[in-house]
Amino acid sequence: MPMLVSEIDCPEIGDFRIGAGPDTRDLVAPLAAQSWIVKMPFGYILTRHDDCIAVLKDKRWHQATRLLSQMTPVDNERYQNRQNRQSILTMEGDEHTRLRRLVASAFTPKAANRLRPFMREVINELLDPVTASGECEFVSAVCEPYPIPIICELLGAPRKDWEQFSRWATSIFKIFSDRVPEYADEIMDASEEIDAYVLDLIEQRRGDPRDDLLSDLIAAEEAGEKLSPTELVMMVEAVILAGTDTTRNQLGCAIATFADHPDQWAALANDPNLAARATEESFRYLGAIRGTGRFAAEEIEYRDVVFPKGTLVFPNFVGANHDIDQFSCPHEFDIEAERSGASHLTIGIGSHYCLGANLARAELQEALTICAQRMPNLRLDGEITWKPDGIGIWGPAELPLRFDPT
Ligand code: HEM
């Protein structure tokens, strides 16, 4: 007989954030050993790989970002109006499927691969000033600046505008801070400036298509359908928002992990063919996105449990990525190990699976390969400062490193 989720016997925790720090796996593992589901103040955490996948692949569960932002209202009309705008992440059903279909051709491995030489150029330019000294604070020297030129190049934004993009992105990312009301006007100014900029760039590309994402998106067409101007702006902004802070934090997480695993770093430096495995293992072992949220769009029965409409669940990627039933020795970081067929969830799964996955993989593979060669004997030069726990994107705030000068 199915039971209501509120009535099931499961562990309960009072203050647990799915974005919690590098020790999250030590918190989640014992919970996962006890139960596949854990109660928390405003929903339920899913601790295991299978259940996270089942929920993320079930279209009756909808992405919860908008619902979560409505739970902490900000008293700023401009900000609230913008929160009500659609984004690819908050769309569901046929509308979402149509959009994904239309933009798919712009995000293929081939599209990502054409940027690999440029990625190498960017990472080498960032490393040039630091490799001779053999020390650096890696987040400000490399992680922060790395994704911006790549996203600008991907979109086809002129080089002179890169600084501006960086400033807009920094302001807009304040939506993930715990002081949103204070930043609401700054966030809105940056968002409106980006809107105007992107509309202008679209107009330019319409008459002068090039080999870039914006031209691909303008041309994207299936069965006579095209992206509307509003959809185009939304897609470009989704790429800027979803494609910069994620990559920089994941690179920071990966380098922090390697600094603690010198044998793995040396293995990668000796064999660049390990780059793809190194990237996947870094995603799995210490992911910059620690989980996501879904709400039941209708009453859902799963595992003999009834989830009433509106129930919030949080698939926990840390638990899933360290699930002992899916990965052998999950708490070990090993880029040479033959892992089972299971895949990590750091770039999602199901209908909202990361649209930029090919690009993110290429960016990390190129950066890790070059860093391993140019920063031999990598080690920490003091304590890592981690970003505060939270639901958003997470990684090191400061990563002091030493290595042999090259
Ligand atoms: C290391 C870097 C990245 C990580 C860890 C990451 C992770 C994710 C995850 C977990 C999701 C799914 C969220 C959910 O199901 O609730 C997602 C969605 C998305 N990502 Fe990424 N991402 C990364 C890089 C990128 C890049 C470089 C781009 C753009 C070029 C991008 C664009 C997107 C978009 C547009 C979505 C929404 C897709 C949809 O709702 O259909 N991401 N990403």
Side-chain angles (χ1 to χ4, degrees), residues 18-19 46 52-53 55-59 61-68 86-93 95-104 106-109 111-112 115 119 143 146-155 169 212-214 216-217 231 234-255 279-280 282-295 312-318 320-321 343-368 391-395:
I18 56 168
L46 303 178
C52 291
I53 291 192
V55 164
L56 292 172
K57 285 189 164 176
D58 182 339
K59 293 191 172 183
W61 291 101
H62 288 187
Q63 223 284 347
T65 301
R66 188 184 292 163
L67 201 74
L68 289 169
Q86 280 286 31
S87 90
I88 186 164
L89 197 59
T90 56
M91 281 179 170
E92 296 291 346
E95 202 184 18
H96 179 251
T97 311
R98 168 187 165 269
L99 194 63
R100 287 283 303 215
R101 241 195 355 251
L102 277 171
V103 302
F107 293 94
T108 56
L115 280 172
M119 291 168 189
C143 299
Y146 181 49
I148 297 283
I150 296 168
I151 289 291
C152 289
E153 183 76 6
L154 171 82
L155 289 170
D212 58 35
L213 177 77
L214 198 52
D216 286 355
L217 289 176
E231 287 170 331
M234 182 187 85
M235 278 316 302
V236 171
E237 291 179 5
V239 165
I240 297 167
L241 273 182
T244 42
D245 219 29
T246 44
T247 306
R248 59 164 72 109
N249 280 289
Q250 188 60 53
L251 180 59
C253 286
I255 297 288
T279 299
E280 298 313 307
S282 305
F283 272 133
R284 185 196 71 80
Y285 185 81
L286 194 63
I289 300 202
R290 320 289 279 161
T292 186
R294 293 291 185 269
F295 69 92
L312 274 164
V313 297
F314 298 94
N316 185 287
F317 296 168
V318 182
N321 290 347
S343 54
H344 64 77
L345 297 189
T346 303
I347 44 177
I349 196 155
S351 59
H352 289 282
Y353 176 70
C354 178
L355 187 63
N358 293 314
L359 187 76
R361 288 193 159 113
E363 285 178 288
L364 286 155
Q365 289 164 10
E366 294 302 337
L368 290 177
I391 284 178
I393 303 160
W394 172 88

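Here the structure is a predicted model, which means the values were calculated and not measured. First listed ligand is number 1; within each ligand, the first listed atom is number 1. What's counted below: heavy atoms across the whole structure, side chains too, no hydrogens, waters or symmetry copies.
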Given Leu359, Val236, Leu155, Leu115, the one that forms side-chain contact (heavy atoms from CB on, under 4.5 Å) with Leu213:
Leu155
Do ligand 1 and Arg100 have nitrogen or oxygen atoms that lie under 3.5 Å from each other?
yes
Atoms of ligand 1 close to Arg294 [distance to a heavy atom under 4.0 angstrom, numbered from 1]:
14 (C), 15 (O), 16 (O)
Taking atom 4 (C) of ligand 1 as the reference point, the nearest protein heavy atom with its distance
Ile347 CG2, 3.6 Å
Atom CG of Asp245 and atom CD1 of Ile393: how far apart are they, to the nearest 0.5 Å?
4.5 Å
Taking only heavy atoms of His96 into account, list the atoms of ligand 1 that are under 4.0 Å away from them.
39 (C), 40 (O), 41 (O)
Please identify which atoms of ligand 1 are closer than 4.0 Å to at least one heavy atom of Gln63.
14 (C), 16 (O)
What distance do Ile255 atom CD1 and Gln250 atom CD have between them, rounded to the nearest 0.5 Å?
11.0 Å
Flag the pair Leu286 / Trp394 as yes when at least one side-chain heavy-atom distance between them is below 4.5 Å, and no otherwise.
yes
Out of Leu154, Thr97, Leu364, Thr346, whose heavy atom is nearest to atom 7 (C) of ligand 1?
Thr346
Looking only at non-hydrogen atoms, find the nearest pair between Cys52 and Leu46 and report the distance.
SG-O, 3.7 Å
Of all heavy-atom pairs linking Asp212 and Leu154, the shortest is CB-O, 3.5 Å
Closest to atom 1 (C) of ligand 1 among His62, Arg290, Gln250 (heavy-atom distance)
Gln250
Looking at Leu359, which atoms of ligand 1 are within less than 4.0 Å of one of its heavy atoms?
27 (C), 30 (C)
Going by side chain to side chain donor-acceptor pair (under 3.5 Å), His352 matches just one of His62, Gln63, Glu92. Which one?
Glu92
Protein contact to atom 8 (C) of ligand 1 [nearest heavy atom, distance to 0.1 Å]
Cys354 CB, 3.7 Å
Examine Thr246 against ligand 1 and note whether any of their N/O atoms are separated by less than 3.5 Å.
no
Could you list the atoms of ligand 1 found under 4.0 angstrom from a heavy atom of Thr247?
1 (C), 2 (C), 27 (C)
As an exercise, identify every atom of ligand 1 less than 4.0 angstrom from a heavy atom of Thr292.
14 (C), 16 (O)
Can you name the closest pair of heavy atoms from Ile150 and Met119 and give their distance?
CD1-CG, 3.8 Å
Of all the non-hydrogen atoms in the protein, which one sits nearest to atom 27 (C) of ligand 1, and at what distance?
Gly243 CA, 3.5 Å
Need the ligand 1 atom indices (1-based, order shown) with element for anything under 4.0 Å from a heavy-atom of Ile289.
7 (C)
Quick one: look up the protein heavy atom nearest atom 36 (C) of ligand 1 and list residue, atom name and how far away it is.
Leu355 N, 4.0 Å
Looking only at protein heavy atoms, what sits closest to atom 12 (C) of ligand 1 is His352 O, 3.3 Å
State the atoms of ligand 1, each with its element, that fall below the 4.0 Å cut-off from a heavy-atom position in Gly348.
10 (C)
I'd like to check Glu231 versus Gln86 (side-chain heavy atoms, cut-off strictly below 4.5 Å). Are they in contact?
no
Restricting to non-hydrogen atoms, name the atom on Arg294 and the atom on Ala64 that form the minimum distance, rounded to 0.1 Å.
N-CB, 3.7 Å
Tell me the closest heavy-atom pair linking Cys253 and Gly395, and the distance in Å.
SG-CA, 3.8 Å
Distance from atom 25 (C) of ligand 1 to nearest protein heavy atom, with residue and atom:
Ala242 O, 3.4 Å
Distance-minimising heavy-atom pair for Leu312 and Phe295
CD2-CB, 4.0 Å
Taking atom 13 (C) of ligand 1 as the reference point, the nearest protein heavy atom with its distance
Leu89 CD1, 4.0 Å
